Peer 1: 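Structure provided below as structure tokens; questions to follow.
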There are 2 protein chains.
Amino acid sequence: MLKKSVLMPFKTGSHNHDQCIDLALAEAESACRRQGLRFTRLRRRVLELVWSRHIPMKAYDILDELRRDGRGAAPPTVYRALDFLLDAGLVHRIESLNAYVGCGGPGKPHIGQFLICRQCNAVAEIDAPAIAQALTQDAKGLGFRADTQTVEIKGLCSECSVSA
Amino acid sequence: MLKKSVLMPFKTGSHNHDQCIDLALAEAESACRRQGLRFTRLRRRVLELVWSRHIPMKAYDILDELRRDGRGAAPPTVYRALDFLLDAGLVHRIESLNAYVGCGGPGKPHIGQFLICRQCNAVAEIDAPAIAQALTQDAKGLGFRADTQTVEIKGLCSECSVSA
DNA sequence: CACTATACTGTTATAATATAACGTCCTGGG
DNA sequence: CCCAGGACGTTATATTATAACAGTATAGTG
């Protein structure tokens, strides 16, 4: 079995989160430059909001924040920015929550798997290529040509396991 | 690697679909009897509609059909029936589509994985315990206690692969 | 520098998905 | 029969997402 890597560990405890955000924004900046994409003020701000905590953010929560910024903002404002960030590989959508998280490994192509804590909502992103390949292979056995995978696991993170 | 089983194969071609539905309803009937659950007229009808084709059905499409039946029906009517069927293990929700499919193996406890054709929307359900276990195990390595998994794979089924 | 094509954003309206809250009715167990 | 709980009807509303079109900014070109 190939080793899995952890693209984004749980970060429920205290850590220098400003640093997380700064790093994510800097990586996004350079990823966009490399790909010739326009990392505008709005997109940057939306990404910053997605990264504001290590939990999935809802589109309308982001919208509320934008409005608090004093910016004229309506649903399309945030959905368009999110679509851009998704296409650019800078955020992931959590289908089972209708919410968005920052990508733990922008630039490095990967098929992420997500662990989501029911209690505190914290999310971790792992990259287990062996699992992704096994799924693709099983699908192939049925004549199915897989192109994308959604893998989301719910449960309790270690911190919440203790207190539960 | 453990062998995967196919709980519900693709059925895009012609087959005796009435038989599919009858079987599903009969299995549901007996599963409910075994568990002391009430398989009412409404719940039976909703399950029949979920099974009406081998593609995921949307809640509001089911609602439209119920209304066509002449029944007084509003969103809670269908969502309550779907919640019952989900709890009873008779249908699955496809998170990435906000839609519902009949369960291919009611009674047998399993963690399903879904293959969804982008072209024709057909769905297959497989049960690959090795994959489910590998995910649970990887999660455990991060101190995460997994309880549910959402695994949905999009791509092209064999029929659509040919014509694409 | 002006021009223009294109991408980005603002704005209004509306579609699609889902739940809250409360009342009535039905059904099974005492 | 009675009644307790579950199932269903009904109205209203919350949540999530997109369509359509107008105005603005920006990069590339001449």
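Here is how names work: the chains are called A, B, and so on, in the same order as the sequence lines, proteins then strands, and each is numbered from 1. Worth knowing before you read on, the calculation uses all heavy atoms, side chains too, and leaves out hydrogens, waters and symmetry mates. The shown structure was predicted, so the numbers you read here are calculated from the model rather than taken from an experiment.
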Peer 1: Regarding Gln149(B) and Thr136(B), is there a side-chain donor-to-acceptor distance under 3.5 Å anywhere?
Peer 2: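 Yes - a donor-acceptor pair under 3.5 Å links their side chains.
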
Peer 1: Respond yes when some side-chain nitrogen or oxygen of Thr40(A) is under 4.0 Å from OP1 or OP2 of dT9(C), and no when none is.
Peer 2: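 Yes, Thr40(A) has a side-chain N/O under 4.0 Å of OP1/OP2 on dT9(C).
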
Peer 1: Can you measure Leu66(A) atom CG to dT11(C) atom P for me and round it to whole angstrom units?
Peer 2: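 For the pair Leu66(A) CG and dT11(C) P, the rounded distance is 13 Å.
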
Peer 1: 5' to 3' on DNA chain D, which nucleotides open and close the contacts with chain A (atom under 4.0 Å from a heavy atom)?
Peer 2: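 On DNA chain D, the outermost contacted nucleotides are dT16(D) to dT26(D).
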
Peer 1: Between the protein and nucleotides 13-18 of chain C, are there any N/O to N/O pairs under 3.5 Å, and if so, what are the atom names and distances?
Peer 2:
| from | atom 1 | to | atom 2 | distance (Å) |
| --- | --- | --- | --- | --- |
| dT17(C) | OP1 | Lys58(B) | NZ | 2.7 |
| dA18(C) | OP1 | Arg93(B) | NH1 | 2.9 |
| dA18(C) | OP1 | Arg93(B) | NH2 | 2.8 |
| dA18(C) | OP2 | Tyr79(B) | OH | 2.9 |
| dA18(C) | O5' | Tyr79(B) | OH | 3.4 |
| dA18(C) | N7 | Tyr60(B) | OH | 2.6 |
| dA18(C) | N6 | Tyr60(B) | OH | 3.4 |

Peer 1: Would you say CZ of Arg93(A) has more than 12 non-hydrogen atoms from neighbouring residues, nucleotides or ligands within 6.0 angstrom?
Peer 2: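 Count over threshold, so yes.
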
Peer 1: Quick check on DNA chain D: between Arg43(B) and Gly72(B), whose nearest nucleotide comes earlier from the 5' end?
Peer 2: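 Nearest nucleotide further toward 5': that of Arg43(B).
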
Peer 1: At their closest point, which heavy atom of Gln35(B) faces which heavy atom of Ala88(B), and how far apart are they?
Peer 2: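 That would be OE1-O, 4.0 Å.
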
Peer 1: Assign the ring pair Phe144(A) / Phe10(B) to parallel, tilted or perpendicular, where the plane angle (0 to 90°) is split at 30° and 60°.
Peer 2: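 Phe144(A) vs Phe10(B) ring planes: parallel.
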
Peer 1: On the six-membered ring of Phe39(B), is Arg44(B) placed so that its NZ or CZ lies under 6.0 angstrom from the centre and within 45° of the ring axis?
Peer 2: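 The answer is no; the distance or angle limit is not met.
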
Peer 1: Please report the shortest heavy-atom distance between Ser52(B) and His17(B), naming the atom on each side.
Peer 2: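 Taking every non-hydrogen atom into account, O-NE2, 3.0 Å.
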
Peer 1: Distances under 3.5 Å only, N/O to N/O: pair up the protein atoms with those of nucleotides 22-30 of chain C.
Peer 2:
none

Peer 1: When you look at CZ of Arg33(B), are more than 12 heavy atoms from neighbouring residues, nucleotides or ligands closer to it than 6.0 Å?
Peer 2: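 Not buried by this count: 12 neighbours or fewer within 6.0 Å.
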
Peer 1: Determine whether more than 12 heavy atoms belonging to other residues, nucleotides or ligands lie under 6.0 Å from atom CZ of Arg45(A).
Peer 2: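 Enclosed.
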
Peer 1: Any Lys/Arg nitrogen of Asp127(A) or Lys4(A) sitting under 4.0 Å from an Asp/Glu carboxylate oxygen of the other?
Peer 2: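 Result for this pair is no, no salt bridge flagged.
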
Peer 1: Please state how far atom CG in Asp83(B) lies from atom P in dA20(C), giving the value in whole angstrom units.
Peer 2: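 Value for this atom pair: 10 Å.
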
Peer 1: Taking Arg118(A) first and then Asp147(B), would you say they form a salt bridge - that is, a charged N and a carboxylate O separated by under 4.0 Å?
Peer 2: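 Here Arg118(A) pairs with Asp147(B) in a salt bridge, since their nearest N and O are under 4.0 Å apart.
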
